[in-house]
Amino acid sequence: MTSAMQIQLHSEHGCLDIIVGGTWRLACDRPDEIRQALDLVHAPQTTRVRLKEDALVTWDSSLLVFLVQIVRSTNERKIALEMQLNDGLCRLIALAFEVKSQQGSQREKHEPGFLEDLGGKVLNLAPKLLDFLAFLGEVTPALGRFFLGRATMRSQDFFQALHECSLQALPIVGVTNLLFGLILAFVGAVQLTQFGVQIYVAGLVGIGMLRVMGAVMVGIVMSGRVGASYAALLGTMQVNEEIDALTTLGISPVEFLILPRILALVLMVPLLTIYADVMGIFGGYLVGTIMLDISPMEYLNATISMVNVSHGVIGLIYATMFGFVIALAGCYHGLRCGRSAQAVGQATTTAVVHSIVGIIIMTAIITIICNVLNV
Amino acid sequence: MTKQAPTLIAVRDLTVGYGSFILMKNISFEVQAGEICFITGGSGCGKSTLLKVLMGLKSPQKGQVLYGSEDFWAADSDTRQRIKRHTGVLFQSGALWSSMTLAENVALPLQQYTDLTTEQITELASLKLALTGLAGFEDYYPSEISGGMRKRAGLARALALDPSILFLDEPSAGLDPVSSRHLDDLLLELRDTLKATFMIVSHELDSIFAIADKIIYLDNQTRTIQAQGDPRRLKEDPATALCALDFLTRGAASKTLAKEIR
């Protein structure tokens, strides 16, 4: 066991003898003769190689990998090879070459340049957009069938989805919006107190929360919380072939899995937004009454007089659209997920990113429409 | 050959369960170096759980698992780590890391436990994949290959560190008979050339009679070992042939043994 890897090289009249001996272990230092042996096999004067063993104590893959390299090199150079090795080594070498590399199985390694990469991404945009539209094309008739009472959707799935995006979301939505109301009031107070009109903090918080910020905050929280969970759940179902099982049974995955989730979010995001608005206004109320010396009645009266119903209605329109965007992004990426754990992770991340981007785009569109309509 | 070989794994009076539920009790057997030992029995008898106890993934409620002279479950973490270094595991599904290529999957244990250069590790990973018939698939991801290929890649990963003990959980489950036969041949070849010891959980009777030196038959009812030894000798023994017949009547295995027993 004490003798390390040993290699003797003899080259005579174009015949190279490689004699291995000693102890070959992965943990042992590799002698320089390994490189020399490979160089000699590639040398033009070598026309024949003989592999021999002498006083070989023990061996593992370290010897095998060396011998396989020699055999491969002789095969490449098409020179004669003779093996005078023990039976085990000969059989393992034969096993390593038994299954030939399948034609076309090996991949060409190609690192695309910046422009090629960018161009590829741009060209990929159109098929992706078409695929999303195809998904939307599956969802729309499914919604139609639901309203006609013909959708294959289980009511317990719908109530389960409702539970996930309603009661379970109340604490996080409450806390974030209370704090957001506080922040909005503080930021407004800095400017408004300079003019002695700190009472307008009530209007700033009330209109801000009701009209857009309540819905946006709920949208962002729900995309992280529910959109991600939809993508992960559907992605895992895809990996486990559960979605394939539904399809083979003739059950539409869109109706069975997607519909209850879209309906739950479209229904619950507006309701959560009302709750978020109340919490945000309460945050502003706390700042107004405690920090700005506004009496509670004065603050409430100011809020009621400055805020009107249209602000709340617009907020609910935002919220409904956000619910739809989050559900679509989560379900789309879950359903189009690959078949590996990594793909599930990617689908989840992409679903959240696309939900948030979708919320911002939707906010911009509705804001512009409201502006044009002078609402 | 195997009778003269030293005892590599010795299990003494093992009791395994979950809380108050006893899954198996009074489990005792020995496996000699270089043996191919199958753990078999009907579905739900605890084959895979016993394998988990041997692999160090689940602790027993009572008893010893000895590797050489060292009691695995009584040993400190360093000793356990050293023992684990000499074992390789093929999980039922292959359990390949999906974010890595096949070559990276095989290379990871080598990177973790050896000081080899990247070039040497790449060569070794390619060799292990070639030994399991996956030459040329180094850059493929697990999701891009078939279930049988995933199994073989899992075996290549299990062989990465030249382990002296290999644990295989249902290696031929889901494989066609030809692939299953090839896998059996490969295991025999690896046993004969690398002198590895195999502990295999399976109820593929064809494989058992083709390559097993020893079987351990677990019984659902008594929750212990009902028969152990050379499968060919057990088949001749009327008492154990009956237990195998019982195993078959529950529909847990192929019909080949039923024909042979008759």
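Here is how names work: the chains are called A, B, and so on, in the same order as the sequence lines, proteins then strands, and each is numbered from 1. Predicted, not measured: the structure shown is a model, and the values here were computed from it. Side chains included, hydrogens not; waters and symmetry mates left out as well; all remaining heavy atoms used.
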Handout entry: Contacting moiety of K128(B), where chain A heavy atoms sit under 4.5 Å
Key = side chain
Handout entry: Contacting region of L110(B) [heavy-atom separation from chain A under 4.5 Å]
Key = side chain
Handout entry: Derivation of the salt bridge (charged side-chain N to carboxylate O under 4.0 Å, His left out) call for E119(B) and R30(A)
Key = CA-CA 13 Å; E119(B) 189 193 341; R30(A) 287 161 69 89; over 6 Å; no
Problem - Contact class of L116(B) relative to chain A, heavy atoms under 4.5 angstrom - result: side chain
Handout entry: Shortest non-hydrogen contact from L131(B) toward L92(A)
Key = CD2-O, 3.5 Å
Completion exercise
If one checks every heavy atom of L129(B) against chain A at 4.5 Å, the contacting part turns out to be neither
Handout entry: Side chains of R72(A) and E123(B) in contact at under 4.5 Å (non-hydrogen atoms)
Key = yes
Completion exercise
CE of M100(B) to OG of S340(A), rounded to nearest 0.5 Å, is 12.5 Å
Exercise for the section: Could you check if a side-chain atom of E189(B) sits within less than 4.5 angstrom of a side-chain atom of L95(A), using non-hydrogen atoms only? Expected result: yes
Exercise for the section: Name the region of L64(A), side chain, backbone, both or neither, that has any atom closer than 4.5 Å to a heavy atom of chain B. Expected result: both
Completion exercise
So, the part of L96(B) with a heavy atom under 4.5 Å from chain A: the answer is neither
Problem - Side-chain heavy atoms of L194(B) within contact of D60(A), under 4.5 Å - result: no
Handout entry: Heavy-atom check, side chain of D192(B) versus side chain of D87(A), under 4.5 Å
Key = no
Handout entry: L161(B) CG to S61(A) OG distance, which is reported to the nearest 0.5 Å
Key = 9.0 Å
Problem - Separation of L127(B) CG from Q69(A) CD (nearest 0.5 Å) - result: 9.5 Å
Handout entry: Pairwise side-chain contact, D115(B) with L26(A), heavy-atom cut-off 4.5 Å (strictly under)
Key = no
Completion exercise
With chain B, the option among E98(A), R91(A), R339(A) that has the most non-hydrogen atom pairs under 4.5 Å is R91(A)
Exercise for the section: Let me know if A27(A) has heavy atoms under 4.5 Å from chain B in its side chain, its backbone, both or neither. Expected result: neither
